[in-house]
Amino acid sequence: MGKGGIMHRVYSVVVFVILAALDNVAIGIVPPLYGSIGAELGVTEGHIALATTAMFLFSAVAAVGFAYVGDRTDRKPVLVAGTVIWVIGTAWSGLAGSYPSFLGAQVLAAFGLGGVASVSFAVVSDLISPKRRGLVMSFWGLSQGVGTLAGTLVGGIAGHEDWRRPFLLTAAAGVLATLAYLMTYNVPRGDSQPELAGVDYDERIHHEDLPVILRRRTNVWLILQGGTAQIAFGSLVWLPILFRARAEDQGYTSGTAVLIGSVFATIFQLGAALSILGGLAGDRLQRRTPRGRALVAAVGVLAAVPFYVVLFFVPMRITVTDGAGTGEVIRGVLANVVTEPTVAACLAIAVFALMLTSANSPNWFAMIADVNPPQHRGTVYSLGNLVNGVGRAGGNALVGVVFRALSGAFPPPLNYSVGLAAFQFFFVPTGIMYWLASRTVAEDMARTHADLLAAASEHRPHGDVGGDPPAGVQGLAAQQDPGAGR
């Protein structure tokens with residue numbers, strides 16, 4: 001495997017995708033087990049939900065520090081440190097004997113997860129040419145969504161008898177992934193940027209760069225949109241609880257209901273896999289107009305709202321054998337998708353809604369790379385992730401309060417349906433902010449393009465920039481191509 005060769009790069013991308021998935025498995029295993037963990041540790045479901053909220057917040061805050069260090073230093077040791085920390089925290093979570101111990105373990109895991117998320121984004125953006133950013137970033141973002149779904153499934157299946165088992169299994173997988181990561185390509189900054197072809201680009205972020213970052217107005221909208229988007233996405237963490245409540249309302253016992261809720265929540269979120277279509281659409285429209293990615297994200301987020309609202313109120317008739325083994329319950333749930341029209345209708349609506357909102361993720365990643373030089377990308381991503389984390393934690397915590405408040409007027413599972421539907425309207429301001437970003441992105445892309453050409457000219461004799469003259473805004477969008485790149 002040649003250092004920096006095509007196979008080494010492919011291997012590196014695969015490892016990053018796996019790491020991103022495992023990071024989110026560590027987050028996703030907790031919600032299906034709120035009741036089980038709380039019962040053993042002697043606290044309520046709300047206390048365990050608080051641990052998840054703390055995890056979102058600490059991960060987001062830690063990401064800013066890790067990203068800044070990664071943008072100033074060698075990124076590989078920073079990523080290894082972050083991975084080791086979340087693996088230790090996850091293993092400790094599975095061994096915790098008290099609620100304070102469990103909460104501390106989740107916070108430690110969150111600290112490491114923040115480092116992995118922010119620094120790996122900067123590395124992956126340097127591995128991908130501008131022309132394919134939407135597509136490849138959709139795979140990277142998809143791996144995170146798949147990880148969250150896998151966590152939900154692993155938590156429900158491996159943990160319905162022993163809640164500790166999923167944490168220990170995930171930590172073991174993290175150890176293997178860390179060993180695989182040690183052999184990845186140490187990607188130079190700006191490695192895939194056409195303007196920097198043939199240049200040893202070693203710019204680092206400085207303290208005074210923060211005002212520069214915020215003067216790019218597109219960055220402001222890309223950072224802020226996550227505050228409202230993640231309130232809505234954070235509420236969806238409660239999907240397994242909604243489906244569990246529906247199962248209990250139909251008379252199923254707690255153990256079977258937990259399994260039913262986890263499997264249904266996993267199946268219904270498979271539409272997130274169609275984020276690849278959003279990435280492809282963003283790449284295609286971007287070659288016509290620099291507003292392309294932002295417009296695809298705006299339309300997707302806004303169009304999804306009515307489908308989500310309908311999803312939470314469509315009745316479902318679940319038919320599985322109560323008290324049956326794990327395999328039989330899973331087979332029964334999958335059979336319901338074919339045999340029960342209400343389940344099939346819910347699945348179709350969920351897949352379409354998630355397909356639309358999933359257009360957000362790859363285009364957000366790609367736009368951060370489009371409007372920022374390599375040494376700023378990790379930090380900008382982490383600032384966006386900080387706002388995302390606050391929004392997601394707020395959504396996750398607030399929705400629990402809303403459910404309890406609604407339970408007086410609407411008995412379960414109707415209180416969950418009403419609460420979840422209301423939270424989806426937070427996608428509306430998100431769509432508006434993407435539209436505002438579409439109005440500023442052309443100017444910011446052109447400025448970054450010019451800055452990179454100027455930096456490249458300083459490293460070439462006689463100011464030669466490799467025959468790549470300044471491009472007009474429209475031309476810049478059309479030529480997002482790695483032709484001169486590496």
Below 6.0 angstrom between ring centroids: does that apply to [X] and [Y]?
{"X": "Phe312", "Y": "Tyr416", "value": "no"}
{"X": "Tyr434", "Y": "Trp221", "value": "no"}
{"X": "Phe58", "Y": "Phe111", "value": "no"}
{"X": "Phe233", "Y": "Phe426", "value": "no"}
{"X": "Trp364", "Y": "Tyr381", "value": "yes"}
{"X": "Tyr68", "Y": "His207", "value": "yes"}

* To do: Would you kindly say whether Thr90 and Thr170 are connected by a side-chain donor-acceptor distance under 3.5 Å?
  => no

* To do: Using only heavy-atom distances, determine whether the side chains of Thr357 and Tyr308 contain a donor-acceptor pair under 3.5 Å.
  => yes

Looking at [Y], is its backbone amide N or carbonyl O close enough to the side chain of [X] to form a donor-acceptor pair, meaning the two atoms are under 3.5 Å apart?
{"X": "Thr184", "Y": "Tyr181", "answer": "yes"}
{"X": "Arg216", "Y": "Val371", "answer": "yes"}
{"X": "Arg75", "Y": "Gly70", "answer": "no"}
{"X": "Ser358", "Y": "Met355", "answer": "no"}
{"X": "His8", "Y": "Met183", "answer": "yes"}

Taking every non-hydrogen atom, the tightest pair across [X] and [Y]:
{"X": "Met55", "Y": "Ala26", "result": "CE-O, 4.1 Å"}
{"X": "Gly278", "Y": "Pro362", "result": "C-CG, 4.3 Å"}
{"X": "Ser118", "Y": "Ser382", "result": "CB-CB, 4.0 Å"}
{"X": "Ala421", "Y": "Val309", "result": "O-CG2, 4.0 Å"}
{"X": "Phe307", "Y": "Ala303", "result": "CD1-O, 3.3 Å"}
{"X": "Leu386", "Y": "Ala60", "result": "CA-CB, 3.5 Å"}

State, yes or no, whether a side-chain contact exists between [X] and [Y] at a heavy-atom distance under 4.5 Å.
{"X": "Ile231", "Y": "Leu398", "answer": "no"}
{"X": "Ile88", "Y": "Leu108", "answer": "yes"}
{"X": "Leu33", "Y": "Pro166", "answer": "yes"}
{"X": "Ile368", "Y": "Phe121", "answer": "yes"}
{"X": "Met367", "Y": "Met445", "answer": "no"}
{"X": "Leu169", "Y": "Ile29", "answer": "no"}
{"X": "Thr52", "Y": "Tyr34", "answer": "yes"}
{"X": "Pro374", "Y": "Leu452", "answer": "yes"}

* Run through Thr448, Thr218, Asn219 and flag the one making a side chain to side chain donor-acceptor pair (under 3.5 Å) with Asn372. => Asn219

Rounded to the nearest 0.5 Å, what separates atom [atom1] in [X] from atom [atom2] in [Y]?
{"X": "Asp451", "Y": "His376", "atom1": "CG", "atom2": "NE2", "value": "9.5 Å"}
{"X": "Ser438", "Y": "Met433", "atom1": "OG", "atom2": "CE", "value": "13.5 Å"}
{"X": "Thr83", "Y": "Leu113", "atom1": "OG1", "atom2": "CG", "value": "9.0 Å"}
{"X": "Leu103", "Y": "Ser93", "atom1": "CG", "atom2": "OG", "value": "9.5 Å"}
{"X": "Arg284", "Y": "Leu277", "atom1": "CZ", "atom2": "CG", "value": "11.5 Å"}
{"X": "Leu242", "Y": "Leu236", "atom1": "CG", "atom2": "CG", "value": "10.5 Å"}

Should the heavy atoms of other residues, nucleotides or ligands under 6.0 Å from [atom1] of [X] be counted, would the total exceed 12?
{"X": "Arg217", "atom1": "CZ", "result": "no"}
{"X": "Phe313", "atom1": "CZ", "result": "yes"}
{"X": "Arg204", "atom1": "CZ", "result": "yes"}
{"X": "Arg447", "atom1": "CZ", "result": "yes"}

* **Passing option when Val116 is tested against Val80, Ile85, Val78, Asp23 for side chain to side chain contact (heavy atoms under 4.5 Å, CB included)** => Asp23

* Output, in order, the C-alpha distance, side-chain angles, deciding distance and verdict of side-chain contact (heavy atoms from CB on, under 4.5 Å) for Val84 and Val175. => CA-CA 8 Å; Val84 170; Val175 171; over 6 Å; no

* Determine, step by step, whether Thr430 and Thr228 satisfy the side chain to side chain donor-acceptor pair (under 3.5 Å) criterion, reporting the C-alpha distance in whole Å, the side-chain angles of both residues, the deciding distance to 0.1 Å, and the verdict. => CA-CA 6 Å; Thr430 297; Thr228 53; 2.6 Å; yes

* **Residue from Asp370, Asp126, Asp71, Asp209 passing salt bridge (Lys or Arg N to Asp or Glu O under 4.0 Å) with Arg377** => Asp126

